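Structure first, commentary second.
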Amino acid sequence: MVARRKVAVVGVALSDCGRVDDATPYALHAQAARRALADAGLDRTLVDGFASAGLGTLAPVEVAAHLGLRPTWVDSTSVGGSTWEVMAAHAADAIAAGHARAVLLVYGSTARADVRAGRRTGTLSFGTRGPLQFEVPYGHTLIAKYAMAARRHMIEYGTTIEQLAEVAVQARANAALNPEAMFRTPLTVEEVLAGPMIADPFTKLHCCVRSDGGAAVLLVAEEYVRDCRTSPVWVLGAGESVSHAAMSDWPDFTVSPAAVSGRLAFERAGVRPSEIDVAEIYDAFTYMTLVTLEDLGFCAKGEGGAFVEKGRLLVRGGELPVNTDGGGLSAQHPGMRGLFLLVEAVRQVRGECGARQVRRGDGSLPRLAVASGTGGWFCSSGTVVLGAG
């Protein structure tokens with residue numbers, strides 16, 4: 001049997017994010033890709049693997065061509081926001097098995113600019129075919145599906161709307177430390193609750209921002225680490241899971257597929273949730289953060305509300321800093337945001353986050369980070385555990 005190679009993330013970058021009215025999605029892909037390669041100090045000729053989703057008719061063929069790449073390993077897995085954690089898992093497996101030496105993951109979207117220019121509407125529709133045909137007639141929007149799940153958790157476990165609002169408040173506090181975050185003005189629970197109702201129980205500030213932006217992550221085999229300008233952040237373990245296609249297929253609205261992907265990722269990494277220093281969790285809505293914390297094992301099922309209400313998610317003073325850049329609730333959310341979670345997790349482990357840098361109790365940098373993405377309406381999950389070199 002051929003020995004499996006270790007795999008490291010050596011380059012991460014964001015494109016211009018937030019309000020970007022003068023760029024195409026292709027331009028944001030290219031900008032993020034160039035910056036990630038420059039971050040690693042590697043030439044694009046080393047890249048023989050490429051993964052992308054969400055753009056073009058034949059993604060990742062069209063995006064790879066735009067970037068001048070001719071990969072011999074490709075992935076176009078598309079499972080919503082968890083796409084990038086799932087792709088990272090696939091890329092790590094391919095590199096470890098010797099099927100690729102360097103894999104570039106790239107995403108870019110002008111979701112905000114497109115609405116502003118009238119190129120698309122603000123309503124996200126996944127169509128009316130397949131299992132969705134049985135739900136669409138009843139008006140189930142994406143936001144409404146998450147709202148129903150949140151309401152079920154409130155009924156089952158006594159979770160309060162104030163506790164959910166705490167997730168938004170603490171995300172904004174973290175964003176205030178991030179000069180690149182889209183919204184940085186501090187929030188109070190009262191301000192979150194007073195906002196316009198979007199889908200009961202979610203007011204506007206329970207929901208993610210809409211932004212433009214792109215991200216890129218470069219993974220390489222261990223033998224190329226010595227050629228990089230950055231310290232490696234190793235992929236220690238990853239897991240993926242899908243749960244349901246329609247809400248009527250979902251056995252329990254209070255359990256996300258992160259309960260499976262997280263368990264697999266931690267087992268494969270050989271670490272426990274209690275050892276994690278920083279967590280980057282998909283947060284299109286406040287409930288996603290709360291229930292994913294439970295399902296990853298940071299607290300027991302039903303205790304997420306009590307867990308988040310005591311400032312535990314804060315960069316400054318939090319027991320488990322979560323979404324340290326401000327997350328999708330405050331920093332940026334251009335669509336399938338899972339790749340941004342990986343970028344922030346790597347930067348935290350490398351100690352590159354400035355005022356929002358997480359420190360362990362002894363003042364040292366984080367050693368272990370987890371990034372967990374969610375797709376669809378809790379239909380899919382990908383979880384990746386990362387460790388310092």
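These numbers come from a predicted model, not from an experiment.
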So does Glu222 pair up with Arg5, basic N to acidic O under 4.0 Å?
-> no
Would Tyr224 end up clustered with Trp234 when hydrophobic side chains under 4.5 Å apart are linked, directly or stepwise?
-> yes
Considering residues, nucleotides and ligands other than Arg360, do more than 12 of their heavy atoms fall under 6.0 Å from its CZ?
-> yes
Indicate whether the side chain of Ser372 and that of Glu280 have a donor and an acceptor atom separated by less than 3.5 Å.
-> no
Taking 4.0 angstrom as the limit, do Lys145 and Glu135 come out as a salt bridge?
-> yes
Quick one: name the residues clustered hydrophobically with Leu219, using the 4.5 Å side-chain heavy-atom rule over I, L, V, M, F, W, Y, and just say none if it's on its own.
-> Val7, Val9, Val12, Leu14, Trp73, Trp84, Met87, Ile95, Val103, Leu105, Tyr107, Val217, Val233, Val235, Met336, Leu339, Phe340, Leu342, Val343, Val346, Val349, Val384, Leu386
With Leu218, the side-chain contact (heavy atoms from CB on, under 4.5 Å) member among Leu46, Val106, Val10 = Val10
Could you state whether Leu320 and Leu329 fall into the same hydrophobic cluster, counting links through intermediate Ile, Leu, Val, Met, Phe, Trp or Tyr residues with side-chain heavy atoms under 4.5 angstrom apart?
-> yes
Report the C-alpha distance between Thr374 and Ser82 in whole Å, list the side-chain angles of each, state the deciding distance to 0.1 Å, and finish with yes or no for side chain to side chain donor-acceptor pair (under 3.5 Å).
-> CA-CA 4 Å; Thr374 302; Ser82 63; over 6 Å; no
For Val86, which fellow cluster members are found when Ile, Leu, Val, Met, Phe, Trp and Tyr are connected by side-chain heavy-atom distances below 4.5 angstrom, either directly or through intermediates?
-> Val79
Do NZ/NE/NH1/NH2 and the carboxylate oxygens of Asp277 and Arg359 come within less than 4.0 Å?
-> no
If you measure from SG on Cys207 to CG on Asp283, what distance do you get to the nearest 0.5 Å?
-> 11.0 Å
Do Asp200 and Arg151 sit within salt-bridge range, that is, some charged N less than 4.0 Å from a carboxylate O?
-> yes
Between the CZ atom in Arg226 and the CD atom in Glu223, the distance rounded to the nearest 0.5 Å is 7.0 Å
Look at the side chain of Asp249 and the backbone N and O of His244, then say whether any donor-acceptor pair between them is shorter than 3.5 Å.
-> no
If you link ILVMFWY side chains whenever their heavy atoms are less than 4.5 Å apart, which other residues fall into the same cluster as Phe183? By chain and number, please.
-> Met182, Val209
Residues, nucleotides or ligands: over 12 heavy atoms within 6.0 Å of Arg316 CZ | no
Do Asp48 and Arg70 meet the salt-bridge criterion of a basic N to acidic O distance under 4.0 Å?
-> no
Residue pair Leu164 / Met154, side-chain heavy-atom distance below 4.5 Å | yes
Distance-only donor-acceptor pairs under 3.5 Å for side chains of residues 261-273, two or more places apart:
{"unit_1": "Ser261", "atom_1": "OG", "unit_2": "Ser381", "atom_2": "OG", "d": "2.7"}
{"unit_1": "Ser261", "atom_1": "OG", "unit_2": "Thr383", "atom_2": "OG1", "d": "2.8"}
{"unit_1": "Arg268", "atom_1": "NH1", "unit_2": "Ala238", "atom_2": "O", "d": "2.9"}

Any pair with a residue in residues 273-322 that passes ring-ring contact (aromatic ring centres under 6.0 Å, His included), sequence neighbours left out, goes on the list, sorted by first then second residue, please.
-> Tyr146-Phe285, His153-Tyr287, Phe202-Phe285, Tyr282-His333, Tyr287-Phe378
Flag if over 12 foreign heavy atoms under 6.0 Å of CD, Glu180 = no
Arg152 bridged to Asp252 by N-O distance under 4.0 Å | no
Residues forming a ring-ring contact (aromatic ring centres under 6.0 Å, His included) with His66, sequence neighbours excluded | Tyr26
Does any donor atom in the side chain of Gln357 or Arg347 lie under 3.5 Å from an acceptor atom in the other side chain?
-> no
Neighbour count above 12 (heavy atom, 6.0 Å) for Arg116 CZ | no
Return yes if a side-chain donor-acceptor contact under 3.5 Å exists between Arg172 and Ser330, otherwise no.
-> yes
In Val315, Leu368, Leu365, Thr324, the residue satisfying side-chain contact (heavy atoms from CB on, under 4.5 Å) with Val278 is Thr324
State whether Glu191 and Lys204 are salt-bridged, where the test is any N-O pair (Lys NZ or Arg NE/NH1/NH2 against Asp/Glu carboxylate O) under 4.0 Å.
-> no
